[in-house]
Amino acid sequence: MPYAQIVLPLNLRGTFTYRIPDEIVSVIQAGMRVLVPFGGKKIYTGIVFEIHNQTPENFVVKEVISILDDQPILPSEQIHFWNWLSEYYLCNLGEIYRFAFPSSLKLESETYLKLKPNAVIDFEILDVNEMYMVQALEVRQLINLTDIEAFIPKKDIIKTINSLIDLQYIEIDEKITEKYKAKEVAYVKINEKLLSNENLTIILSKLDKAPKQKELFLSILSRQSDNPENFIKKSDVFAEGHFAQSHFKPLLDKELIEEYYIQKDRIESYNGETEEIEDLSEPQKQSKIEIDEAFNEGKNVLLHGVTSSGKTHLYLDKIEECINEGKNVLFLLPEISLTKQITQRLEKKYGRQLGFYHQKLTDFERVEVWRRIKQNDIQILIGTRNALFLPYQNLGLIIVDEEHDSAYKPREVSPYFNAKDSALVFANFYDAKVILGSATPSVESYYLAQKDKLRYVFLNERFGNVKLPEFELIDFKEAQDSKKISGNFSLKLIEEIKKNLDEKNQTIILHNRRGYANVVECETCGYVNYCSNCDVVLTYHKAANEMKCHYCGQRASKPKTCPKCHSENLNERGVGVEQIHEEVSKIFPDNEVDRMDVDSMRKKFAYEKLYEKIEDRETDIIVGTQMISKGLDFDHIELVAIPKADSMLYVQDFRAEERAYQLITQVSGRAGRVSGNGKVVIQTFNPGHSVFQLIKMNEVSKIYEYFLKERQKFHYPPFTKLIMIEMKHRREDKVNRASQFLGSVLRKYLPEDCVLGPEKSQIARLNNLYQFQIMLKLPRGKKYEEFKKLVLISLKEFEEITAYQSIKKDVFVDI
DNA sequence: AGCACGCCGACT
DNA sequence: GTCGGCGTGCTC
């Protein structure tokens with residue numbers, strides 16, 4: 001007897017077994033969607049992962065209700081990929097399913113039923129419920145599952161439906177159940193019968209009493225005769241504002257014109273001219289040869305290209321080759337805002353072969369891309385991490401741009417997978433190649449390259465041999481002692497900025513902290529303003545004049561006096577980007593100073609407006625957070641200043657120094673892109689710090705040697721594997737006890753030095769949930785697989801304790 | 001995840 | 001007396 005293992009869109013471990021009814025056993029395949037009953041009355045869209053003949057023993061199996069696809073919607077590569085993801089990242093298949101599928105492809109109980117046309121119903125054999133159902137369907141034709149509850153007891157619904165389906169009396173309406181509808185565009189044309197009729201004058205004279213209608217008719221006629229090949233969009237006719245529906249309708253009624261519809265893609269494709277890619281420069285050609293060699297040896301590539309070295313140019317070249325071989329390309333980016341530039345370059349060449357996929361698309365747009373990929377109608381897909389789940393037919397190359405970016409593994413949305421690492425595995429299932437590209441590769445990728453797990457290709461020269469910016473360190477302590485400062489700026493730095501302004505160049509100032517002041521503290525009693533939902537101090541935002549929690553988003557007004565002792569001595573501590581912006585505006589009152597951070601960019605088109613201002617050189621100085629390190633490719637930025645560089649280093653995170661290096665290098669890449677005279681000034685209390693010294697020397701391999709040595713010394717990745725288990729509950733004692741228990745279970749199976757904690761998370765309470773975490777430091781290699789199995793056993797043992805089931809538990813593999 | 005069941009305190 | 005809070009158990 002055939003059974004199917006089915007994945008349901010629920011956060012539950014594993015797959016569920018269903019019996020396959022005889023009628024569909026010949027057509028059902030892995031990767032198809034099916035409707036199945038689950039629990040009391042719910043119906044879900046599941047995905048067939050496996051078909052087998054093993055009769056399950058410990059439970060009563062239910063039957064698959066129906067199949068939704070006539071061929072698999074998921075290719076087998078995706079099934080392998082999902083299985084790998086769920087094993088490697090210790091997450092449930094259901095979570096992956098939810099994340100991977102546009103929601104209109106996952107129907108739930110909103111499923112409609114209807115009577116089978118031509119069904120001859122024998123009422124004699126029906127029971128009461130079946131009778132009700134058939135009668136209701138005769139009256140209403142279509143009924144969704146929820147409505148059926150009105151006349152049939154919940155527990156009998158599934159039984160009734162199944163038996164009526166068995167009798168071939170009713171069926172599930174797939175056209176209705178598919179929530180997705182193609183977008184249709186209205187077109188108009190002159191009624192064809194008229195065109196053969198030469199007597200247009202008579203027709204026109206009939207319209208004399210309705211001049212507007214006549215005008216409209218003539219307008220459509222002239223469009224049509226001017227350009228007989230072109231279809232006339234209805235919206236274009238109305239666009240000029242001359243005509244309204246009230247002129248249109250009578251013409252339709254008189255059968256002078258016709259209206260018709262054409263299905264259209266929701267996402268507009270580029271229809272302009274396509275052009276060829278320019279030739280590669282000599283250093284780029286060299287890199288290309290190295291990439292080709294690596295690919296021939298079956299190796300993937302880490303392309304380390306300094307800022308403005310033209311990595312994109314190389315990508316384009318490899319994309320072209322891949323397309324010519326008849327294969328498809330996936331181009332991954334950490335975030336949508338970066339798609340613009342790459343798109344502009346690609347769409348000129350590939351036009352409609354190009355597709356996009358990211359979190360900002362509407363559900364219907366996603367389905368459209370999904371289908372085009374399935375039909376092999378898109379050769380190049382540009383997208384963010386969720387684009388890994390599209391049903392590619394023939395993938396040949398994956399490019400992971402800005403591979404170091406932490407947006408590839410956000411901690412907010414489950415499943416918690418790293419898109420960069422997953423891309424390497426995913427590509428393998430298709431026998432495709434991967435290029436990881438960055439100007440500042442992650443330490444982990446660099447290490448893989450050292451071990452030749454990835455081929456390291458270094459593009460050490462800016463395009464056109466433009467010089468990299470020069471670095472200067474300013475000792476702020478010394479400047480302070482000799483009184484050569486003004487606020488947060490040394491006089492020397494002010495001088496540098498002034499010089500740059502005099503030369504009519506633009507300056508970027510990086511300060512990676514939002515808000516105006518980090519803390520508002522009462523000088524008299526020491527009171528600080530905490531968020532009421534989180535264990536976090538509120539940040540003062542002067543521009544919005546409010547206190548904000550950067551974690552839960554709570555806002556409060558700024559207190560004028562201390563809420564506790566009513567003292568007016570409120571002290572603002574901790575410098576935010578707003579304060580730096582204010583300071584710079586005061587130092588350079590005659591110049592245009594703009595701020596760029598999430599708070600100032602929140603308004604619609606704020607980013608676009610500022611972008612234009614910078615491009616038109618209306619802005620002289622841009623003060624911003626890490627946001628300014630991405631995408632600001634302008635020709636006249638010559639100076640990058642980092643007044644408080646130390647703030648980036650002293651963060652409680654073993655990657656803090658790596659992040660600081662990446663951020664500084666990325667921002668510095670904005671300077672002197674054309675002139676080669678770029679300069680970066682770093683102000684620090686600690687100019688002797690290795691990170692600053694190594695950046696200044698610009699000896700890339702030494703920087704990575706330094707990072708790797710530090711990581712090895714303190715047993716951090718890539719020398720160990722980290723798994724972090726975070727537990728949350730609104731009652732502190734409960735989550736504390738639970739985490740202690742899980743800690744003890746883990747220690748039972750794993751060596752003592754592998755388990756750290758539990759301890760309170762850095763933010764002990766977030767959104768009113770108390771948080772505790774356990775860190776697992778596991779060895780690499782074979783041992784890791786072994787230990788991870790033990791972790792899984794521990795987690796299962798923990799889950800068996802019913803008292804702890806209300807605890808939210810997140811597992812982060814490779815934190 | 002969702003839903004039913006069952007146990008306790010706050011109400012008409 | 002009942003309504004509804006949420007802790008617990010279960011789903012192929």
Side-chain angles (χ1 to χ4, degrees), chain A residues 1-21 24-25 28 30 32-68 82-83 86 89-101 103 105-111 144-146 148-150 152-159 161-162 412-416 727-738 741 768-770 795-811:
Chain A
M1 200 110 47
Y3 295 93
Q5 291 308 119
I6 290 174
V7 177
L8 296 175
L10 302 169
N11 194 1
L12 293 172
R13 182 159 287 154
T15 53
F16 293 85
T17 313
Y18 285 84
R19 194 172 43 241
I20 306 171
I24 57 173
V25 80
I28 196 164
M32 286 179 170
R33 293 176 303 155
V34 288
L35 285 185
V36 290
F38 187 77
K41 56 160 195 173
K42 274 234 148 195
I43 291 182
Y44 290 102
T45 308
I47 297 179
V48 181
F49 253 50
E50 207 193 320
I51 294 165
H52 60 85
N53 286 308
Q54 286 175 342
T55 310
E57 284 173 4
N58 304 319
F59 49 85
V60 184
V61 264
K62 291 185 181 169
E63 259 186 17
V64 171
I65 299 175
S66 68
I67 312 188
L68 291 178
W82 289 23
N83 276 323
S86 93
Y89 287 106
L90 302 173
C91 61
N92 293 324
L93 285 168
E95 288 178 273
I96 300 170
Y97 176 25
R98 280 166 169 250
F99 183 82
F101 266 59
S103 55
L105 293 179
K106 299 173 291 200
L107 340 152
E108 281 184 37
S109 299
E110 283 297 298
T111 304
N144 85 23
L145 287 184
T146 342
I148 295 171
E149 284 172 32
I152 297 181
K154 280 180 192 170
K155 61 177 169 58
D156 295 336
I157 291 179
I158 296 291
K159 202 182 87 195
I161 292 172
N162 281 340
E412 293 76 32
V413 270
S414 80
Y416 308 107
M727 306 164 98
K728 303 176 188 187
H729 197 268
R730 67 197 155 73
R731 274 173 46 203
E732 188 175 8
D733 57 328
K734 187 156 185 170
V735 59
N736 188 4
R737 256 183 292 123
F741 175 73
N768 284 319
L769 297 174
Y770 289 90
L795 287 171
K796 278 184 184 155
E797 209 169 302
F798 174 82
E799 278 158 22
E800 275 164 24
I801 310 293
T802 54
Y804 295 147
Q805 269 176 16
S806 58
I807 305 249
K808 280 190 190 132
K809 177 169 61 40
D810 287 320
V811 182

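Lettering of chains follows the sequences in order, A, B, ..., and the numbering in each one begins at 1.
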note: A:E95, atom CD; B:dG2, atom P; distance rounded to Å ~ 13 Å
What's the closest nucleotide to the side chain of A:R98 if the choices are C:dC12, C:dG9, B:dA1? B:dA1
About how many Å separate OG of A:S806 and NZ of A:K728, when rounded to the nearest 0.5 Å? 14.5 Å
OP1 or OP2 of C:dG9 less than 4.0 angstrom from a side-chain nitrogen or oxygen of A:T802, does that happen here? yes
Compare all side-chain heavy atoms of A:N53 with those of A:P2 and state whether any distance is below 4.5 angstrom. yes
Quick one: A:L10 CG to B:dC3 P, roughly how many Å, whole number? 10 Å
Distance in angstrom units between A:K809 NZ and B:dA1 C1', rounded: 14 Å
Is A:Y18 touching bases, backbone alone, or none of the nucleic acid, heavy atoms closer than 4.0 Å? sugar-phosphate
Only one of A:F49, A:F38, A:F59 passes ring pair (Phe, Tyr, Trp, His ring centres under 6.0 Å) with A:F16; say which it is. A:F38
Under 4.0 Å, counting only non-hydrogen atoms across every strand here, what does A:R730 touch: a base, just sugar-phosphate, or nothing? sugar-phosphate
In whole Å, what is the span from the NZ atom of A:K62 to the P atom of C:dT11? 9 Å
side-chain N/O A:R731 vs C:dC6 OP1/OP2, d < 4.0 Å: no
Euclidean distance, atom CD1 of residue A:I6 to atom P of C:dC12 [Å, nearest integer]: 11 Å
In whole angstroms, the gap separating P of C:dT11 from CG of A:L8 amounts to 13 Å
Between atom CZ in A:R19 and atom P in C:dC12, what is the gap in whole Å? 13 Å
Contact class for A:V60 (heavy atom, under 4.0 Å): base, sugar-phosphate, or nothing? sugar-phosphate
Which nucleotide sits closest to the side chain of A:K734: C:dT8, B:dA1, C:dC12? C:dT8
Can you measure from CD1 (A:I807) to CZ (A:R731) and round to the nearest 0.5 angstrom? 9.0 Å
For A:F16 and C:dC12, are the ring centres under 5.5 Å apart with planes inclined under 30°? no
In this structure, NZ of A:K734 is separated from OH of A:Y804 (nearest 0.5 Å) by 8.5 Å
Closest listed nucleotide, where the reference is the side chain of A:Y44 and the choices are C:dC12, C:dG9, B:dG2: B:dG2
Gap between atoms CG and C1', on A:L93 and C:dT11 respectively (whole Å): 17 Å
